[in-house]
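Everything numeric in this text was worked out from a predicted model, so none of it was measured. Heavy-atom basis, side chains included; hydrogens, waters and symmetry copies ignored. Numbered from 1 within each chain, the chains take letters A, B, ... in sequence-line order.
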Number of protein chains: 2
Amino acid sequence: MARPPLNKDKLVATATELFSSKGYQATSVRDIAAAMDMTVSNIYHYFGSKEGLLRAVLEHYSKVLLDQLRDAVSQDLEPVERFRLLLSTHLRVAGTRPRENKIFLLDDERLSPEGREDSRAVQREVMSIYINELRNLDRHGLLRDQQLRIQAFNIFGIINWHMRWYRPQGSLTLDETIDGICDFILLGMIKRSDG
Amino acid sequence: MARPPLNKDKLVATATELFSSKGYQATSVRDIAAAMDMTVSNIYHYFGSKEGLLRAVLEHYSKVLLDQLRDAVSQDLEPVERFRLLLSTHLRVAGTRPRENKIFLLDDERLSPEGREDSRAVQREVMSIYINELRNLDRHGLLRDQQLRIQAFNIFGIINWHMRWYRPQGSLTLDETIDGICDFILLGMIKRSDG
DNA sequence: CTTTATATCGAACGCTCGTTATGTTAAAAA
DNA sequence: TTTTTAACATAACGAGCGTTCGATATAAAG
């Protein structure tokens with residue numbers, strides 16, 4: 001046994017790069033093999049199938065995302081402050097791992113039923129983290145609207161759209177962008193007299 | 001000449017249905033031919049290529065969307081009211097044509113450079129409509145934040161995410177959902193004392 | 001009726017895809 | 001040293017893909 005996990009990790013990284021830039025379906029196993037300078041059959045030796053590689057990519061990202069979100073909501077903070085921490089954490093994970101995030105959002109439709117169910121379970125878990133926090137805000141009379149799921153979906157839309165336009169080399173830093181987005185979510189667009 | 005535009009329209013409709021449910025790449029020209037009960041070569045007679053069909057789908061949707069948005073912002077209304085009309089119009093088009101919207105958002109990456117440029121032009125036009133309205137709001141001192149493009153991107157995220165979760169057969173009507181989303185965008189999540 | 005243009009078809013071409021069967025190297029285990 | 005096992009390679013299979021070619025049917029135009 002030479003260095004088995006080393007090459008396996010590099011394979012996941014290369015697949016992430018290619019899947020995110022060309023799309024899962026448009027990326028052939030031969031593309032990945034060429035980028036790794038190895039043969040196709042070797043990839044099958046490691047992952048068994050093309051979908052096995054996709055699942056490895058998704059499982060890695062899911063773990064990172066859920067760990068960070070759970071950590072954020074476990075902090076002992078004022079309701080609004082903790083919600084802001086949840087938002088900024090989510091934005092930071094998605095913003096620093098745009099490739100994994102893109103695959104997670106777009107290519108889960110290409111999974112087999114079992115893989116799709118795993119992906120859905122992660123999405124449900126993220127949703128339940130948000131619903132818990134929204135309930136907490138509502139308990140303190142801080143929520144303007146009680147349609148919690150719609151609020152959550154709106155937030156996911158903003159966060160997940162973020163990756164389509166944010167470029168690290170742009171004029172705003174990631175921190176500035178994240179603050180602006182959190183304010184947008186919490187306060188809305190229109191200027192208010194008490195803000 | 002029998003009824004040329006009739007079959008051509010049906011072909012665009014069938015392609016829309018299949019492209020949106022399975023994705024552009026996962027839909028073969030043979031799939032579409034089978035759904036239309038015609039042969040593959042007949043599709044090529046009409047559209048010349050698979051991409052030709054995709055472009056026909058996108059051009060149709062782009063025209064509808066831009067027409068409606070332009071009509072909304074041409075109304076003579078108070079700034080906030082006109083912005084709310086723009087939002088609700090956009091949400092209504094996307095919500096009543098979820099299939100076209102999905103293809104428009106996801107499959108423009110599969111176009112050739114020329115087709116991609118056409119699609120980008122439409123996206124730029126939509127953005128400029130929003131920027132104009134945001135400038136108008138700002139001129140009246142109504143905007144909380146002056147990062148206009150970020151505001152616009154946040155809005156697009158919410159609107160385009162809408163199609164991933166909204167189901168007409170759900171408990172809320174489209175109108176109720178649209179109102180809730182407009183309020184979210186304009187007022188934010190947190191209850192304010194002057195609201 | 002003849003010409004012409006459109007609508008439709010059947011069959012194939014060349015290519016790429018995911019996958020597998022079989023073999024070889026090389027390093028760790030015994 | 002022998003055995004075993006993981007890491008790699010070569011070569012192919014069968015299927016599906018987008019596309020094209022050549023022919024036919026059909027209806028409008030002359």
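Comparing B:H45 and A:Y44 against DNA chain C, the residue whose closest nucleotide sits nearer the 5' end is B:H45.
If you check C:dG18, D:dT19, C:dT8 against the side chain of B:S49, the one that comes closest is D:dT19.
Distance NZ (A:K8) to P (D:dA6): 12 Å, rounded to an integer number of Å. Taking atom CD1 on A:I43 and atom P on D:dC8, their separation rounds to 11 Å, with Å as the unit. Atom NZ of A:K50 is separated from atom P of D:dA15 by 20 Å (rounded to the nearest Å). If you take CG of A:N42 and P of C:dG23, they are 18 Å apart, rounded to a whole angstrom. What separates CZ of A:F47 from C1' of C:dG18 is a distance of 16 Å, to the nearest Å. Atom CZ in B:R110 sits about 14 Å away from atom P in D:dG18, given to the nearest Å.
Taking 4.0 Å as the cut-off between side-chain N and carboxylate O, B:E133 and B:R84 do not count as a salt-bridged pair. The pair A:R82-A:D76 does not count as a salt bridge, with every side-chain nitrogen at least 4.0 angstrom from each carboxylate oxygen.
Other residues, nucleotides and ligands contribute over 12 non-hydrogen atoms within 6.0 Å of the CZ atom of A:R70.
A:Y130 and A:H90 have tilted rings, their planes meeting at an angle from 30° to 60° on a 0 to 90° scale.
Judged by distance alone with a 3.5 Å cut-off, no donor-acceptor contact links the side chain of A:S41 to the base of C:dT19.
Contacts between residues 19-40 of chain B and DNA chain C, counted as heavy-atom distances below 4.0 Å, involve B:R30, B:M38, B:T39.
The cationic atom of B:K102 (NZ for Lys, CZ for Arg) does not lie both less than 6.0 Å from the six-membered ring centre of B:F19 and within 45° of the ring axis.
B:T14 places no side-chain N or O within donor-acceptor distance of the main-chain N or O of B:M36, the cut-off being under 3.5 Å.
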